[in-house]
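All of these numbers come straight from a predicted model, not from anything done at the bench. Both ligands and their constituent atoms are indexed starting at 1 by order of listing.
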Amino acid sequence: MKDYYRVLGIPRNATDDDIKRAYRRLAREHHPDSAGHNGDEERFKEVSQAYEVLSNADKRALYDRGVDPNSRGGSAGFGFEDIFETFFGGGGSRRGPVSRKQRGGDLLLHVDVSLEEAVFGVARDVQVNAADVCATCGGSCCTPGTAPVMCRNCGGKGSVQRVARSLLGQVMTTAPCPSCGGFGTTIESPCTECSGQGRTHSRHTITVDIPAGVETGTRIRLQGYGDAGVGGGSSGDLYVEIREQAHKVFERQGDDLHCTLEIPMTAAALGTVMKVDTVDGPREVNIRPGTQPGETTRLKGLGVGHLQRTGRGDLFVHIDVETPTALTPEQEELVKRLAVLRGEDFPEAKLAPANAGLFSRLRDAFTGR
Ligand SMILES: [Zn+2]
Ligand SMILES: [Zn+2]
């Protein structure tokens with residue numbers, strides 16, 4: 001019986017990590033393709049056999065009791081090639097048949113909401129194409145009364161081994177069984193309703209509770225409303241992603257709303273009360289006598305509802321003063337008289353301080369200062 005510990009150059013109490021490290025080093029050193037042409041196929045095979053046994057707890061225990069697992073079964077592939085695959089590409093560390101049970105896929109749906117819907121929240125019916133568990137076979141994929149049978153091609157292992165020629169000589173690779181697709185079982189009599197898929201597709205209408213405060217990019221997760229799983233697997237989730245449509249007059253910044261109210265010059269000078277249509281209906285906005293362009297009135301709590309907490313943002317009404325145009329001769333006469341009365345018939349140029357004028361207010365609004 002070969003001394004696998006000596007082959008790998010490790011003590012009998014070596015840990016799994018020691019074994020792996022020793023194998024990696026030796027395999028690289030003796031790899032027949034290795035740079036420098038120092039490769040040694042026989043030595044490489046020996047190292048791989050040793051690793052095959054010592055890296056597997058069951059086989060190692062057997063070996064320590066005096067039985068060489070590699071000498072059993074004679075010509076049956078002892079699997080060093082599988083390790084080769086694991087370490088040098090291929091990555092086929094999967095063993096045994098794969099389960100037919102699979103979680104259903106997640107679905108993503110886009111929903112357009114108006115600003116008003118984002119402000120207050122809305123219950124929205126959406127149409128979604130999702131997979132359902134087949135009502136006829138209950139997801140088993142088999143005609144009722146039948147069950148999957150063991151695959152004759154792979155004997156239920158789900159994988160088959162293929163021999164390929166390479167510089168190493170014969171190399172065995174493991175591939176999913178082509179007959180059963182890796183499941184280890186085949187379905188002799190597929191359900192006719194779902195063509196053996198275990199699922200059927202249909203269009204559902206789902207009512208989505210869209211909370212106040214959503215905005216473009218907000219995703220709402222509806223657990224279990226995605227595709228049904230396969231073979232009894234759990235359902236996926238449905239994600240509803242919000243796209244908020246622009247509003248004609250209100251602009252949103254966070255949970256605050258902004259609008260611009262255009263008032264006549266006379267109203268700005270004399271002051272008045274105006275009815276403004278907010279998202280909550282008409283509200284009175286007080287215009288004080290002598291209101292300047294760019295002044296802002298804040299209406300508390302008339303903004304967007306906060307997402308996941310109570311309360312709402314505010315509505316900011318920005319005042320714009322309209323200068324009268326197309327004056328009738330009589331109006332022109334009146335304005336001229338007013339100018340004379342106010343000593344403004346030949347006004348002097350007056351520059352506002354750099355940080356107090358309209359320009360800096362506009363700039364601050366853009367840069368968010
Ligand atoms: Zn079915
Ligand atoms: Zn098979």
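The distance from the Zn ion (ligand 1) to the nearest N/O/S atom of Cys141 is not under 2.8 Å. Within the 2.8 Å limit, Cys142 places no N, O or S atom next to the Zn ion (ligand 1).
Between the side chains of Asn129 and His204, not a single donor N or O lies within less than 3.5 Å of an accepting N or O. Counted by atom type alone, Tyr4 and Arg12 present zero donor-acceptor pairs between their side chains at under 3.5 Å. A donor-acceptor contact under 3.5 angstrom links the side chains of Gln127 and Thr205, judged on distance only.
Of the residues Val317, Ile263, Ile319, the one that meets the side-chain contact (heavy atoms from CB on, under 4.5 Å) test with Met274 is Ile263.
For the pair SG of Cys194 and SG of Cys134, the angle whose vertex sits at the Zn ion (ligand 1) is 110° to 10 degrees.
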